[in-house]
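First comes the structure, then the notes that go with it.
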Amino acid sequence: MNKGVKEVAINAMIACVYAALTIACSSIAYGGIQLRISEILIFLAFYNKKYIPGLIIGCFLANLPSPLGLADMCFGTLATAIACLGIYKIKNIYIAGIFAAIVNGIIVGAELYFVLDLPFVINAFYVFAGEVIVLMIGAYLFQLLERKEVFMKKYILE
């Protein structure tokens, strides 16, 4: 299979999985307190930057049915894009997770403040806390996967 076609197909699958997980867990994925299980996938950017487009597109698709509509499609996707780029540059997976949680807390907290007139500091903290919970679990799971060298080389690092 052509390498470019394969990369597009992998990114399409990542986008679909991210969006499907978010929408399937929509009761806890949107709003002031968020536990987006799909955010664990952003650690794919830690290992390989070629997965970043799929993660960003997946976030955009996941935000289509968001109660915040266009604002979430724009700002939620922006938060994921910045988080993925930072995660790719940071060399410690736990620090990368904290970085992503801070970015999401600030951007989504501001979004909730401007769109729903909710208190910024409280909502930024709630979003940050939800992200930290999910991303620390994700960092741990990816560290477990790192022990499976064949899996990592074949599916993640390739």
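Separating the CG atom in L144 from the CZ atom in F151 is a distance of 12.0 Å, to the nearest 0.5 Å. With values rounded to the nearest 0.5 angstrom, T80 atom OG1 is found 11.5 Å from I52 atom CD1. Here the straight-line distance linking atom NZ of K49 with atom NZ of K89 works out to 7.5 Å at 0.5 Å rounding. Interatomic distance, NZ of K50 versus CG of N11, reported as 8.5 Å (0.5 Å rounding). Between atom CD1 of residue I37 and atom CD1 of residue I133 there is a gap of 10.0 Å, rounded to the nearest 0.5 Å. Atom CE of M152 is separated from atom CZ of F142 by 7.0 Å, given to the nearest 0.5 angstrom.
For the pair L135 and I42, the minimum side-chain heavy-atom distance is below 4.5 Å. Looking at heavy atoms from C-beta onward, Y47 lies out of side-chain contact with Y88 at the 4.5 angstrom threshold. For the pair L70/M73, a side-chain contact is recorded, criterion being any heavy-atom separation below 4.5 Å from C-beta on. A heavy-atom distance below 4.5 Å is found between the side chains of L68 and L116. Looking at N48 and I156, their side chains never come closer than 4.5 Å, going by heavy atoms from C-beta outward. By the 4.5 Å heavy-atom criterion applied to side chains, C25 and I28 are counted as neighbours.
Between I14 and Y51, the closest heavy-atom pair is CD1-CD2, 3.3 Å. Nearest heavy-atom pair, T77 versus F60, reported as atom, atom and distance to 0.1 Å: OG1-CA, 3.3 Å. Here the closest non-hydrogen pair linking A62 and I23 is O-CG1, 4.2 Å. Between G76 and C59, the shortest heavy-atom contact is O-SG, 3.6 Å. Across every non-hydrogen atom of V103 and A83, the tightest pair is CG1-N, 4.2 Å. Across L112 and G32, no two heavy atoms sit closer than the pair CD1-CA, 3.7 Å.
Within a 6.0 Å sphere centred on CZ of F99, other residues, nucleotides and ligands contribute more than 12 heavy atoms. Within 6.0 Å of OH in Y155 there are 12 or fewer heavy atoms belonging to other residues, nucleotides or ligands.
Pairs of residues two or more places apart, or lying in two chains, that qualify as side-chain hydrogen bond (donor to acceptor under 3.5 Å, both in side chains) and include a residue from residues 61-75 are R36-N63, S66-D72.
Between the side chains of Y126 and Q34, not a single donor N or O lies within less than 3.5 Å of an accepting N or O.
Note: the hydrophobic cluster containing I102 does not contain I107 (ILVMFWY, side chain heavy atoms under 4.5 Å, direct or indirect links). There is a path of hydrophobic side-chain contacts, each under 4.5 Å, that joins I137 to L35. I87 and V134 fall within a single hydrophobic cluster, where Ile, Leu, Val, Met, Phe, Trp and Tyr side chains are chained together by heavy-atom contacts under 4.5 Å. Linking Ile, Leu, Val, Met, Phe, Trp and Tyr residues whenever their side-chain heavy atoms come within less than 4.5 Å places L141 and L157 in a single cluster. Cluster annotation: L64 and L55 are assigned to distinct hydrophobic clusters (Ile/Leu/Val/Met/Phe/Trp/Tyr, side-chain heavy-atom contacts under 4.5 Å, transitive).
No close placement of the F114 and F75 rings is indicated, their centers lying 6.0 Å or farther apart.
Every side-chain hydrogen bond (donor to acceptor under 3.5 Å, both in side chains) that K6 has, sequence neighbours left out, goes to E158.
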Given side-chain contact (heavy atoms from CB on, under 4.5 Å), test F128 with N104 step by step and report yes or no. CA-CA 6 Å; F128 167 79; N104 276 280; over 6 Å; no

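In this structure, the side chain of N123 does not engage the main chain of Y113 through any donor-acceptor pair within 3.5 Å.
Using cut-offs of 30° and 60° on the angle between ring planes, the pair F46 and F43 is perpendicular.
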